[in-house]
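Below, all heavy atoms of this structure are taken into account, side chains as well, without hydrogens, waters or symmetry copies. Just so we're clear, the structure is a prediction, and the values are computed from it rather than from any experiment. By convention in this document, chain letters (A, B, ...) are assigned in the order of the sequence lines, proteins followed by strands, and residues within each chain are numbered from 1.
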Amino acid sequence: MTNELDIFVGNTTLIDEDVYRLWLDGYSVSDAVGLRVRSGILEQTGATAGVLQSDTMDHYRTFHMLERLLHTPPKLLHQLVFQIPPSRQALLIERYYAFDEAFVREVLGKKLSKGTKKDLDDISTKTGVTLKSCRRQFDNFKRVFKVVEEMRGSLAGNIQQHFLLSDRLARDYAAVVFFANNRFETGKKKLQYLTFGDLAFCAELMIQNWTPGAVDSQVDDMDVDLDKEFLQDLKELKVLVADKDLLDLHKSLVCTALRGKLSVFPEMEANFKNLSRGLVNIASKLTHTKDVRDLFVDLVEKAPGPLGSLHGHAAQLPPAHVPRLRPRSPDARPACPLLGPAAKGGGGRGIPGQPRSSPPRSARSPGPGARTSRPQPPSAPGRLPPGPGSGPSCPVEWGGGGTGSRAGQGNPAPRGRS
Amino acid sequence: MPGKLKVKIVAGRHLPVMDRASDLTDAFVEVKFGNMTFKTDVYHKSLNPQWNSEWFKFEVDDEDLQDEPLQITVLDHDTYSANDAIGKVYIDIDPLLYSEAATVISGWFPIYDTIHGIRGEINVVVKVDLFNDLNRFRQSSCGVKFFCTTSIPKCYRAVIIHGFVEELVVNEDPEYQWIDRIRTPRASNEARQRLISLMSGELQRKIGLKVLEMRGNAVVGYLQCFDLEGESGLVVRAIGTACTLDKLSSTAAFLPACNSPSKEMKESPLVHPPSHGCRSTHNSPIHTATGSRLTQNFSVSVPTLIYTGMGSGSAGKEGGPFKALLRQQTQSALEQREFPFFTLTAFPPGFLVHVGGVVSARSVKLLDRIHNPAFVGIMGNTRSYKLLDWNSFNSDEPETRDAWWAEIRQEIKSHAKALGCHAVVGYSESTSICEEVCILSASGTAAVLNPRFLQDGTVEGCLEQRQEENLPAGCGFCHIPYDELNMPFPAHLTYCYSCRKQKVPDVLFTTIDLPTDATVIGKGCLIQARLCRLKKKAQAEANATAISNLLPFMEYEVHTQLMNKLKLKGMNALFGLRIQITVGENMLMGLASATGVYLTALPTPGGIQIAGKTPNDGSYEQHISHMQKKINDTIAKNKELYEINPPEIPEEIIGSPIPEPRQRSRLLRSQSESSDEVIELDLSHGKKDAFVLEIDDTDAMEDVHSLLTDVPPPSGFYSCNTEIMPGINNWTSEIQMFTSVRVSRLSNINLTNQTLNKNFNDLCENLLKSLYFKLRSMIPCCLCHVNFTVSLPEDELIQVTVTAVAITFDKHQAVQTTKTHVEKSLQRASTDNEELLQFPLELCTDSLGPHPFSPAKEHLESASSNSGIPAAQRAVSVEKASPLTEGHFRQRSAPACANSTVGVVKMTPLSFIPGAKITKYLGIINMFFIRETTSLREEGGVSGFLHAFIAEVFAMVRAHVAALGGNAVVSYIMKQCVFMENPNKNQAQCLINVSGDAVIFVRESELEIMSTQQPIASCQPACGGGEIAT
């Protein structure tokens, strides 16, 4: 006697969090039943394996039906078929859009295309995340990407609004979208020490400072693409390396700003020229798409040379400094990136994870206040990018970059960014 | 009353993409009522169109208003080809036709398509303007209220209960019309949905007319069913109880759900009295259905069975001539009516005097085809009735079906008479159809209703008198309603354990809910008897004969099983008994569900004794004794589990329900006068009563084994199939209604009755276990109104459908809010305890001597100190604390209601919502849906398909209730769930029919705040603190 059909439908949809997790993790029904049995649930409840099987099937079916709605979370709120209390709805959505660190590091910066999707089984093997779960996460990225890609307004805000995610998760998704759109290479071995949190932190600062949205909050794609004009302007930074006077001026400005704030200050000061050169070189090439993609690689590979002695000491740079460096407001753009990597570079090793949440936050808030603090040497209007790519302006930028680099130290990358 | 129906289409949302190219939809809406159709403009390229249409006005007469559903079709405009249908919404506008119900229907309705399910939603506003028309010959019955609830609805007062109304309407099934061969499945499904909608409208109108004729204004306990007879047609039939209801003006004075009966006293209804001359029925010799308890009269074959009824300390003997006279009057009054039936299962206090027992009748019929020569060839075997004008030749079909039911009802009536009862309560009818064979079943509880209610015009006086006499009892309904000397079947009678005045049977089976004034010990539990019988496949008459030959045996076995299980639980009464016999191609299945309880008025059940047939064999003997031990253990365990602690109960209760000195003296007198008799009786109940199971073959062995395999629910769970669980009443506000369906395939081809029984038993047990597991987060909770339905869709398939509601309760507060009067009496008992102590003790030693539970003093002591005592008793001690605990309770429910603010619609099969008060009934919900798929695999197989469909049905019910302005459905019932599949063709089809009453409820906590603001406000923090502390 076999059950051909076996269903349970409640007026209020029953959601079992444990089963939901198993389902999200991509376990098949039989695997899930096995795991549940091992959890000792049978002993606790006196149920039989058959009961567990039927219960699991039921939940899986419910989740399967809900999945369609989870693809567009606002629908879940308005649909009439499943009566689910709001707190449960929030839980369903948040968990559905959560992703694995291991997985996201594999996919970050890759094009969210069919091709990548085909590689998911390799990723699955590599990361130990089930293929099903990989697919779900990948599809989530892609779906979010498609929806917010061409939208106005703040990237994280849009994501939050259209997917009803928590603030944190929405910001992570913003980073994923930003990386995917700009296709930054993050998979190289050299970059492996960077956590998603590190990179997300960079992304956040770049979005704040390097995109058209940083200048004008009404542009399309404002937070997704890098500001072309800004990148163009970065070429002007070369003057900071080429012109001795400017170099000195830049150095003194940066040093003044950072004195007493960096534990590696002496090294920075000593190497300022090399640091500056490395960063400026990276920055000036960013007009080429290829170089943009390699930004992070370059920052780690090329900038470290000059920054050698600082490399690896980043841990000493308390993330808190980073925000301060960044202030230069518009000009600050370069700074941010620097910071980002810096924090991570160092942080990545020493204090992984830490940078992830706290720094970005703080980075943001201090920003405005800090702006004024930085007396810009040249008349340069803060914002290099949009504006007049004029020489004078460059220094300003640089300053930011420079500081950042030091701070970031290891990853002068930041400045490369600029 | 002609009327003007006004409809406005506001907007749509979440529409499906109908144009692949643009990923958008050009939607417009057709609004149809009767023959008139209006259209909205096309709203181009949007999945969330805003039509915001004008008001579409339909001027129609009220007959149409009642019959026709409003039909709203959403379409996708297509310039070059035919417009594609997105889906439909049927809105029953009946609730707008009576003044007190809803005034407007407005809200989001799911757009439903029979092939694709729900596809987006549409916002509609509907209003009706009615004009008065006092035409006496009108065919409409606007204004008659309908309730599915099988008790007097909470915010009404019954002025008069008129009695039984029934009607049926027949048509041919569109699915079987010739045209079905050339139309799409969608068209055919929609034709069917529409037709059934129309037929139920018509049926309701006709019943309404009957009610108006009886001068009533409402139908309570309205039960409408469909019989899908296949080629021979579609029958929609309904039964109900006509009443005259008065709306209660000050609702605040009314307690929710299960409240003190004394409050309701004044609202006790009267049975409408067309009183006439007295004709005693006592001389009619009715004592025929004896011995086997089986009467069989096969017309085509009508086997029937009367369950435990009981003789009475007959009217003449105890009640004196006056009572006898009244009784006769009652009878004659009721006999004026064709069928003195009541579909109610709960009654105003005092209405029910005695309960006789369950009466049931079944009849096997052949759905023969009526050939109409003129149309043979074109129309095959179709017949139709009235509704379709293209097929206007009528058969005598409705008369045939009417006659069938009349025959059965007649039989029920005569059974009731045989039990000395003049009325049947808790009455219901059902059918089971397989191919051309149809089993019609009817069952109810024979009862004697209060004769005083039948006296015209002397309402007040009667009420008072009645109260005087009946209030103390609480056991009155158990007393046998008829002559002890002329029992229709053998039964052990004893004097009532409550009042010691009248005779009671040893067990009592009923189809009604436990009366509110009944005293119960411990908790109740769900008891099921399950049975399968193989039969040969056969055609037509041979088949019908085979079935009718099997039926009596099944009934007998079901009864035996119920009895055994009842004894095993240590209980003595069954409530809410529902026996379903289902016919399939090659088997018959019987499933009986009931709630077992221990009534204090009835004697303690004896145990079960096992007797072997071959006593010489030593090892066999050993085996038997082993079994016996196991059974005894089980009984003991069950008693503990359900907190049945009987020996001390009689002691406690004996004097209590009898008010004050008069009774007590009588009691004492009876003791002194008739001590011999008492002893004799005790003997009979003590030992002879023990149920003997003879084990003479393997079958019997199996039976005993199966008895023991029923696993009790896990701790923290209780279950019952009545409205509320006897012994629990501290409900908290969390409820979860659910439907669970299982279809099992019998793998074994060489099936025997035993394996079949075992399979079926396992299926049901596993289903219950699954439910317990699923709902484990709600512990402690009780599954109430557990309703099992069995069908046999195919040869080797068994389908079991369960609908029930899980309600949480508070374990720590055994407050007996419902039974104030019991409490009072108990309290009285406890205060009187010392005086009475001697007497009861004596009595008990006498009566319970032979029992394992010796009534020693320790029992009393332990009872008063120990917490494991029966709930009824504990209540006494807790009672003083009750105001506090009540506040506590309210406090708890408050957060829950905060959660359930927006759009939540509760559904429950019960007639009430725990912790809340129903403030308004908005009208009846009666919906019929068909869902079909041709891509079964893609939709997740049969389970995925049905799961989605049932979820959609719930959603549509909720949406309709919400549109009426309601926030709950009570008395919800899924009357039909017909599922057919053809996996080879990747197809499946399912029909579901649900109904219930849409209501508005208000949380008690909110009510409190509204009425008495300050005190509550100040006490709330305190309560909250208390809660945390606990």
Please identify, among B:Gly120, B:Ala951, B:Ser715, B:Ala962, the residue contributing the most non-hydrogen atom pairs under 4.5 Å to chain A.
B:Ala951

Between B:Met737, B:Glu981, B:Met907, B:Gln736, who has the most heavy-atom pairs with chain A when the cutoff is under 4.5 Å?
B:Gln736

Any donor-acceptor pair under 3.5 Å linking the side chain of B:Ser740 with the backbone of A:Ile7?
yes

Under the side chain to side chain contact (heavy atoms under 4.5 Å, CB included) rule, what do A:Val51 and B:Tyr772 come out as? Steps first, then yes or no, please.
CA-CA 10 Å; A:Val51 167; B:Tyr772 296 139; over 6 Å; no

Can you say whether B:Leu775 sits under 4.5 Å from chain A via the side chain, the backbone, both, or neither, judging by heavy atoms?
side chain

Most contact-rich option vs chain A, by heavy-atom pairs under 4.5 angstrom, among B:Asn766, B:Ile118, B:Val905, is B:Val905

Do B:Phe945 and A:Leu5 have side-chain heavy atoms sitting under 4.5 Å apart?
no

Check against side chain to side chain contact (heavy atoms under 4.5 Å, CB included), B:Lys906 and A:Gln83
CA-CA 10 Å; B:Lys906 301 221 174 205; A:Gln83 188 160 275; 5.9 Å; no

Under 4.5 Å between any side-chain heavy atoms of B:Ser943 and A:Arg61, yes or no?
yes

Between atom CG of A:Leu80 and atom CZ of B:Arg13, what is the distance when rounded to the nearest 0.5 Å?
5.5 Å

Using heavy-atom distances under 4.5 Å, tell me whether B:Leu797 contacts chain A through its side chain, its backbone, both, or neither.
side chain

Would one find more than 12 heavy atoms of other residues, nucleotides or ligands at under 6.0 Å from atom CZ of A:Arg95?
yes

Sub-4.5 Å heavy-atom contacts with chain B: which residues of residues 10-32 of chain A show up?
A:Gly10, A:Asn11, A:Thr12, A:Leu14, A:Asp16

Check the surroundings of atom CE in A:Met57: do more than 12 heavy atoms from other residues, nucleotides or ligands lie under 6.0 Å from it?
no

So, do B:His947 and A:Thr62 sit near enough that their side-chain heavy atoms are less than 4.5 Å apart?
yes

Counting N and O atoms only, with roles assigned by atom type, does the side chain of B:Arg745 sit under 3.5 Å from a partner on the main chain of A:Glu4, one being a donor and the other an acceptor?
no

Shortest non-hydrogen contact from A:Val9 toward B:Phe954:
O-CE2, 3.6 Å

Non-hydrogen contacts under 4.5 angstrom with chain B: give the residues of residues 69-79 of chain A involved, or none if there are none.
A:Lys75, A:His78, A:Gln79

